[in-house]
Amino acid sequence: MARPNPLSGFPEWLPDGRVVEQHVLKVLQHTFELHGFAGIETRAVEPLDQLLRKGETSKEVYVLRRLQADPEEPEAGDKQLGLHFDLTVPFARYVLENAGRLAFPFKRYQIQKVWRGERPQEGRFREFVQADIDVVGAGELPYHYEVELPLVMAEALGALRAIGVPEVRILVNNRKVAEGFYRGLGLDDVEGVLRQVDKLDKIGPDAVAELLVAEQGATPEQAKACLELAAVSGTDASVVEQVRALAASYDAVTDLLETGLAELRALVEAAAQRAPGVVVADLKIARGLDYYTGSVYETVLVGHEQLGSICSGGRYDTLASDGKNTYPGVGLSIGVSRLVSRLLSANLVTATRGVPTAVLVAVADEESRGASDDVAAALRARGIPVDVAPTAAKFGKQIKYADRRGIPFVWFPGAPGEDGVRGPDQVKDIRSGAQVDADAAAWEPPAEDLWPRVMPAGE
RNA sequence: GUGGCUAUAGCUCAGUCGGUAGAGCGCCUGGUUGUGGUCCAGGAGGUCGCCGGUUCAAGCCCGGUUAGCCACCCCA
């Protein structure tokens, strides 16, 4: 078979990259659990009609079909299935399905692959891992969760700084602020205005103003107000005063705006105390998705803003609804693959090795392989990951075998002397070359060499 | 889905005016007395993405196709 080429958009890491990814996943899971989120996993597929609820994204859903199914005949009795393209839709379905057995407010984390039929690009994949946290309430959900959730993410991402992940900025806004402001101005197509404002970074304020006038029917005065709102950002409650003053100057103060501002203030003030500098109120954050109703979040890696958001989400008053009960939620999702791919490609983070092995036991000749296996067993019994050399090649080659894999120690079983008595074993640290007598029943590697570690690159 | 660019050794890339293919790195072997990395010598490895056309002759020119990259859309 000819050598296959990688499939674009379906990332696969080499073993040392996987070590980095698994470390990231472990830190995220640990942080989520520290905050009381329960882990769940949902199936990879959902009925297509469920998946299409999210509108625009529907074009990107991969549908599932048996190879032998007749394309003309609809699947008898079965609903058409598609791979989930996020973890929110499956979670909403899960909540409805298990509403009677769950305790609300329900806090869950979920780390799984998702699939989107997109055109791949750096940091944009067709198969990737998301790590979600959500809190969902029955009927109501207190606002303070909108403060808590981004702070959990700030803590999780902050914990990753130890391995070389750059600082993050969690940009926050509140739909009620935007909607209240626009309506106060007399602009009723809130979604339309948000979509235009969302283009600010890409096409600039002048072009957005033109679009607002041309597409949304705004007056130049209204467009100017929208841009002024979008220009507001900051890390403390002064942004609230700025917005209020701005609204007052256009006589656009509404109850909804005031509600939103109170919420935004609570978030900014709590963040200033618990995660100073991380959470930034940014009134131009729009988020295209229309189901957000309160706080919205986007997260960028400082110095890697072009990568896009690595962690986004928001509040949705109707995460799930069975017609009788509604379940409001708030959640955020980390794009683990997007984050990890940048950590690896920009050489920000490295693993000390791609294999778990701390010690390679050399084999002098095939007759004495048993002695090497005995050493390996003794070390493993004490929790040390060990491999035995594949062939009784020259010791130079066996050392090379270890070196290529990043295995720090090579163990030489003692050779029988003239008297037939086996001499002492020796262990060599192949980084320093230091070689000393050692006993497999007692020797231990330095703690930092026991398992692969993940650390900032270039140290 | 729309547009632009690219495709030569495992990797990164040269290849002039069309004249049968190159470097660096990596890999393998050796430099005798079980011990790697440096150094030296040697070696393996390519249907120039694929199909067709022009030409005496195509890696190079033309058409198609596939894949990849980038931007848009959208988003993690």
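All chains are named by letter (A, B, ...) in the order of the sequence lines, taking the proteins before the strands, and each is independently numbered beginning at 1.
Counted within 6.0 Å of NE2 on A/H144, heavy atoms from surrounding residues, nucleotides or ligands total more than 12; the atom is thus considered enclosed. The number of heavy atoms from other shown groups lying within 6.0 Å of CD (A/E12) does not exceed 12. For A/Q306, the CD atom counts as loosely surrounded, since its 6.0 Å shell holds 12 or fewer non-hydrogen atoms of other residues, nucleotides or ligands.
Nearest to the side chain of A/R404, among B/C27, B/C74, B/U35, sits B/C27. Taking only side-chain atoms of A/R126, from C-beta outward, the nucleotide of B/G36, B/G68, B/C74 with the closest atom is B/G68. Out of B/G68, B/U35, B/A71, the shortest distance to the side chain of A/Q121 is found at B/A71. In this structure, the nucleotide among B/G34, B/A76, B/C28 sitting nearest to the side chain of A/E118 is B/A76. Distances from the side chain of A/A364 to the nucleotides B/G36, B/G34, B/C75 place B/G34 closest.
The nearest whole Å value for the distance from the OH atom in A/Y401 to the P atom in B/C27 is 16 Å. Across the protein-nucleic acid pair, A/Q398 atom CD and B/G37 atom P stand 15 Å apart, rounded to whole Å. Rounded to a whole Å, the CG atom of A/L7 is 10 Å from the P atom of B/C69. Going from atom CZ of A/F91 over to atom P of B/A76 covers 17 Å, rounded to whole Å. Separating the CD atom of A/Q196 from the P atom of B/C74 is a distance of 9 Å, rounded to the nearest angstrom. One atom, CD of A/E60, and another, C1' of B/C74, lie 6 Å apart when rounded to the nearest Å. Between the CZ atom of A/R116 and the P atom of B/G1 there is a distance of 18 Å, rounded to whole Å. With rounding to whole Å, A/E298 atom CD is found 10 Å from B/A76 atom C1'.
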task: Before giving the answer on side chain to side chain contact (heavy atoms under 4.5 Å, CB included), spell out for A/F409 and A/R431 the whole-Å C-alpha distance, their side-chain angles and the decisive distance to 0.1 Å.
output: CA-CA 8 Å; A/F409 295 97; A/R431 296 159 300 188; 3.8 Å; yes

message: A/D387 vs A/V355, test: side chain to side chain contact (heavy atoms under 4.5 Å, CB included). Steps then yes/no.
response: CA-CA 10 Å; A/D387 195 6; A/V355 294; over 6 Å; no

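By the 4.0 Å N-to-carboxylate-O rule, A/R18 lies close enough to A/E21 to be salt-bridged with it. Under a 4.0 Å N-O distance rule, the pair A/R342/A/E122 qualifies as a salt bridge.
Shown here are the salt bridge (charged side-chain N to carboxylate O under 4.0 Å, His left out) partners of A/R353, two or more places apart in sequence or in another chain: there are none.
Of the listed residues (A/V193, A/D188, A/L187, A/L194), just one forms a side chain to side chain contact (heavy atoms under 4.5 Å, CB included) with A/V190, and that residue is A/L194.
Nucleotide B/G18 carries an anti base; the chi torsion (O4'-C1'-N9-C4 or O4'-C1'-N1-C2) is more than 90° from 0.
Listed for the A/N173 side chain is a donor-acceptor partner under 3.5 Å among the backbone atoms of A/I285. A distance-only check finds a donor-acceptor pair linking the side chain of A/T293 to the backbone of A/D317 [under 3.5 Å].
Comparing the P positions of B/C60 and B/G31 gives an interatomic distance of 45 Å, to the nearest angstrom. Between the P atoms of B/U38 and B/C27, the separation comes to 9 Å (whole Å). Comparing B/G15 with B/C56, their C1' atoms sit 23 Å apart, to the nearest whole Å. When the P atom is used for both B/C51 and B/U8, the distance is 16 Å, rounded to whole Å. When the C1' atom is compared between B/U20 and B/A67, the two are found 27 Å apart, to the nearest whole Å. B/U29 and B/U65 are spaced 43 Å apart, taking the C1' atom of each and rounding to whole Å. Rounded to whole Å, the C1' atom of B/G63 lies 38 Å from the corresponding atom of B/C25. Taking atom P on both B/G52 and B/A58, the two are 13 Å apart, rounded to the nearest angstrom.
The side chain of A/R119 contributes no N or O atom lying less than 4.0 Å from OP1 or OP2 of B/C69. Listed pair A/K397 / B/C28 fails the phosphate criterion, with no side-chain N or O lying under 4.0 Å from OP1 or OP2. Phosphate proximity of B/A67 to A/S8: absent, as no side-chain N or O sits under 4.0 Å from OP1 or OP2.
Interface remark: the A/Q435 side chain does form a donor-acceptor pair with the B/U35 base, using a distance-only criterion of under 3.5 Å. Put simply, the side chain of A/D403 and the base of B/G37 share no donor and acceptor less than 3.5 Å apart.
The aromatic ring of A/F395 does not sit over the base of B/G36, since the test of centres under 5.5 Å and planes under 30° is not met.
In the region residues 304-314 of chain A, proximity to RNA chain B at under 4.0 angstrom, judged on heavy atoms, holds for A/S309, A/I310, A/C311, A/S312.
Taking the centre and axis of the six-membered ring of A/Y62, the NZ or CZ atom of A/R116 falls outside the cone set by 45° and 6.0 Å.
The nearest heavy atom of RNA chain B to A/F125 and to A/Q426 marks one nucleotide each, and the one closer to the 5' end goes with A/Q426.
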- request: Let me have RNA chain B in dot-bracket notation, would you? Count Watson-Crick plus G-U wobble pairs, both distances under 3.5 Å, and use [ ] for pairs crossing earlier ones and | for inter-strand partners.
  value: (((((((..((((.....[..)))).(((((.......))))).....(((((..]....))))))))))))....

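Counting any heavy atom pair closer than 4.0 Å across all strands shown, A/R342 reaches no nucleic acid atom.
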